[in-house]
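Since we're looking at a predicted model, the values are computed, not measured. Each chain gets a letter, A, B and so on, in the order the sequences are listed, and its residues count up from 1.
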Amino acid sequence: MVESLDFLKALNPQQREAVETTEGPLLVLSGAGTGKTRVLTTRIAYLLATGCARPWEILAVTFTNKAAKEMKERLEKMIGAQASGVWLGTFHAIGVKILSKYPGLVGLKSGFIVLGTDDQERLVKQIMQERGLDIKKWTPGIVLDIISRWKDKGLLPEQITAALDTDYCGGCVADLYRIYQERLRLLNAVDFGDLLLLPLVLFKNHSDILAEYQKKFKYILVDEYQDTNVAQYLLLRLLAKGHGNICCVGDDDQSIYSWRGAEVGNILKFSQDFSGAQVIRLEQNYRSTAHILGAASALIAQNEGRLGKTLKVADGRDGSGDLVLVKSYWNGSEEANKIVELVEDEQRAGRSLSQIAVLVRASFQTREFEEALIRAGIPYKIVGGFKFYEREEIRDAVAYLRLVLNPDDDLAFLRVVNKPKRGIGEGALKNIQTAAREKRLSLFQAVGWASLRPSVRKILDGFISKIKEAQKEAKELPPARLAPHVLQEMGYIDFWRQEKSPEAESRLENINELYNVLGEFETIADFIGYTSLLMDADETAAEEQLLVMTLHASKGLEFETVFLPGWEEGLFPHQKTLDESSVQGLEEERRLAYVGITRAKEKVFISYAFNRRVYGQWQSASASRFIEELPPEHIDNQARRKKPMMMDIEDFSWQIPVKKEIPIPAHKRRVGRKVYHETFGDGVVVREEGDRLEVLFADFGLKKVLAKFLEVM
DNA sequence: GGGTTGCCCGTTTTT
DNA sequence: CGGGCAACCC
């Protein structure tokens, strides 16, 4: 039975203990760079190899699809095909799996849809408007946020007490929550919160089903435990009651998602929650140099209420390595340009661009870097931004498919009924909605009953018959063939074709990409079920490019060199965090700083600017308090203490738009070519995607324009 | 019903 | 400064 346990030899004593302590609750406090993923995967392999469990008796939950995918791949390398039997996925994916088995028991029907944020907000807005609430005074976004936080806590509408509901809307959010839930069920839809909340309801009302799962999952493993919310905790506690073998891996110092409902408390009180829990600390860091760890450790030590860990430097790294460099700049644009020069220095020193990252606090900061990098001709990628499935054109296309799959999907109907413009306005829709409510029908069905002008009726009849036609075709055509046909028929493709903007072309490209994704599914239902939980299309392969991203997005990644710009009071720590959550907020910001520093293996550059443009307004700034908190022995502080006078700055090279010659490669490309545009004037082509060119204009900055509007100089 | 202007407001973001 | 949205006008 016992296969080779060779994989244990690759572990240090603490890691090995974390793997071999299979029975009972176990908390593995895993500091940055101490090998937590290795421990998790090895633990699963160990459980299987020793015969403790069969694959389907192991539940492993992660936070992101990316983490789940990575773990699955690593597990497959270790144990092969057995890996596919393990219940491994995000909390939400596991939630879907459970709910899909018993939809009827929680008020759903099979084939329920998972709503994205925009659909959720639309729904809340609609409910608020029906209630006659002032959308300006009380925004649907915030109401949805409050509801989501309640869901994160595992609270149902009837559990919201008056005391919980006084913050906003004069205490009517609980009411809105109740109606919102009713409306979701009517639509046979759930939101992300429901994927955790409804399994809890299911288990609470059906102890036999709970018992089944409790018996099934002999071993439970949880990644990034510091990021779990109360609902996830409750779910884990229920499931773990069976065998009591729950192993949570996390780092309280890297908890940075409290604003999204994560509870640091979960990891802090693990030992009380799971009696008899053992705690193992992984403190052997394999990633960073002594100075980097020294700086990061000292910084995070300023936080109260930690479980406490001391990261140890890997052997042979003592005393070696560069100090953490701290610099100050006149303003944000000097900062960006000088950092880009430093990036070029790194390149000259032989460092690969893919091993360098710029990590910022807020996404608006990426813009300055984008411009500076383009000027310097350095390939880069802004991580994050718009996700594939969040794009307007993709959500529209998916809505068309949803409507074909299920014409009673009111949200899909509303989204596409007048897109492209067909002449269906507010008034007509109101009438349909009224009819729908009276007859208790879906909007699609209610069209026949609504009082409509003949012209409008004719348009809608055409719309409906086209959808019905598509439904017939769906029985014969695979989704990848059906979708282009439907979108063409409905006029959606022409809608973007007629649009003259350069974005339109990339939207069409995205729709084509969607057809590719559809190629992997046999039915629309399969596709909808699969993608509802995915936010992003597959990542493009790692190329030789510099990454620019937010600190949040960088968690779990590592680079040789890390640049941390914008360490200013008000930006980092962010003012809003301080205003809203004072000390707690400050500590989370500090953890964010800790995450940033510990991403680096070799070099860390921290910087700040004395002036920054915020909302078009120049603002004076001072160094972040976090810089003061860095121990002098680990840093090389080259920053000016006081804000200099403008005349004290010797070097203004960053201010003049650098008209650097971008070398034109031998093969004929348009990148680097000087061009002229009617409106924007002189510029240089910096990127090329078909006829869509990205041009850096001397007076207007970066713009995307169509090639035909440009004259070559 | 659809286009235009003018006002408000502005972190972080995965599922 | 610039996007999103609602009131306003054709």
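For the pair A/Trp87/A/Lys97, a side-chain contact is recorded, criterion being any heavy-atom separation below 4.5 Å from C-beta on.
As rounded to whole Å, 9 Å separates atom P of B/dG1 from atom CD1 of A/Ile459. Rounded to an integer number of Å, the gap from CG of A/Asp118 to P of C/dG4 is 13 Å. Taking atom CE of A/Met128 as the reference point, atom P of C/dC5 lies 14 Å away to the nearest angstrom. Summarising the geometry, the separation between CD on A/Gln617 and C1' on C/dG2 is reported as 14 Å, rounded to the nearest angstrom. For the pair A/Leu115 CG and B/dT14 C1', the computed distance is 16 Å after rounding to whole Å. Taking atom CD on A/Gln365 and atom P on B/dG10, their separation rounds to 18 Å, with Å as the unit. Between A/Lys430 atom NZ and B/dG1 atom C1' the separation is 14 Å, expressed in whole Å. Look at CG on A/Asp227: it is 12 Å from P on B/dT15, rounded to the nearest Å.
Nearer to the 5' terminus of DNA chain B, by closest-nucleotide assignment, is the contact made by A/Val456 (compared with the other of A/Gly193 and A/Val456).
Taking a cutoff of 4.0 Å between a charged side-chain nitrogen and a carboxylate oxygen, A/Arg402 and A/Asp409 qualify as a salt bridge.
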Anything under 3.5 Å between a protein N or O and an N or O of nucleotides 11-13 of chain B, put it in a table, one pair a line.
| residue | atom | partner | partner atom | Å |
| --- | --- | --- | --- | --- |
| B/dT11 | OP1 | A/Tyr615 | OH | 3.4 |
| B/dT11 | O4' | A/His574 | NE2 | 3.3 |
| B/dT11 | O4 | A/Glu580 | OE1 | 3.2 |
| B/dT12 | OP1 | A/Ser363 | N | 2.9 |
| B/dT12 | OP1 | A/Ser363 | OG | 2.5 |
| B/dT12 | O4' | A/Arg361 | NH1 | 3.1 |
| B/dT12 | O2 | A/Trp259 | NE1 | 3.2 |
| B/dT12 | O2 | A/Arg361 | NH2 | 3.4 |
| B/dT13 | OP1 | A/Thr550 | OG1 | 2.2 |

Distances under 3.5 Å only, N/O to N/O: pair up the protein atoms with those of nucleotides 2-9 of chain B.
| residue | atom | partner | partner atom | Å |
| --- | --- | --- | --- | --- |
| B/dG2 | OP1 | A/Gly423 | N | 2.8 |

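Using a 4.0 Å heavy-atom criterion, one finds that A/Glu426 contacts the sugar-phosphate atoms exclusively. If you check every strand for non-hydrogen atoms under 4.0 Å, A/Lys555 touches nothing. Nucleic acid contact for A/Gly427: sugar-phosphate only, since backbone atoms but no base atoms lie under 4.0 Å from a heavy atom of the residue. Nucleic acid contact for A/Phe91: none, since no nucleic acid atom lies under 4.0 Å from a heavy atom of the residue.
Heavy-atom minimum distance, A/Ser622 versus A/Tyr608: C-CD1, 4.5 Å. In terms of heavy atoms, A/Val456 sits closest to A/Ala428 at CG1-CB, 3.9 Å. Taking both residues in full, the closest heavy atoms of A/Leu99 and A/Phe112 are given as CB-CZ, 3.9 Å, listed atom of the first, atom of the second, then distance.
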Between A/Phe369 and A/Tyr380, does a ring pair (Phe, Tyr, Trp, His ring centres under 6.0 Å) hold up when you go through it step by step?
CA-CA 9 Å; A/Phe369 284 95; A/Tyr380 67 95; over 10 Å; no

Determine, stepwise, if the pair A/Lys36 / A/Asp251 fulfils salt bridge (Lys or Arg N to Asp or Glu O under 4.0 Å).
CA-CA 10 Å; A/Lys36 77 182 164 81; A/Asp251 180 1; over 6 Å; no

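In this entry the base of B/dT12 is anti relative to its sugar, with a glycosidic angle more than 90° from 0.
Aromatic ring orientation, A/Tyr492 versus A/Phe495: tilted (interplanar angle from 30° to 60°).
Side chain of A/Glu263 to main chain of A/Ser258: no donor-acceptor pair is present (N/O by atom type, distance under 3.5 Å, no hydrogens or angles).
For the pair A/Asn65 and B/dT15, the criterion of a side-chain N or O lying under 4.0 Å from OP1 or OP2 is met. The side chain of A/Lys151 places no N or O atom within less than 4.0 Å of a non-bridging phosphate oxygen (OP1 or OP2) of B/dT15.
Between A/Trp259 and A/His552, the ring centre distance stays below 6.0 Å.
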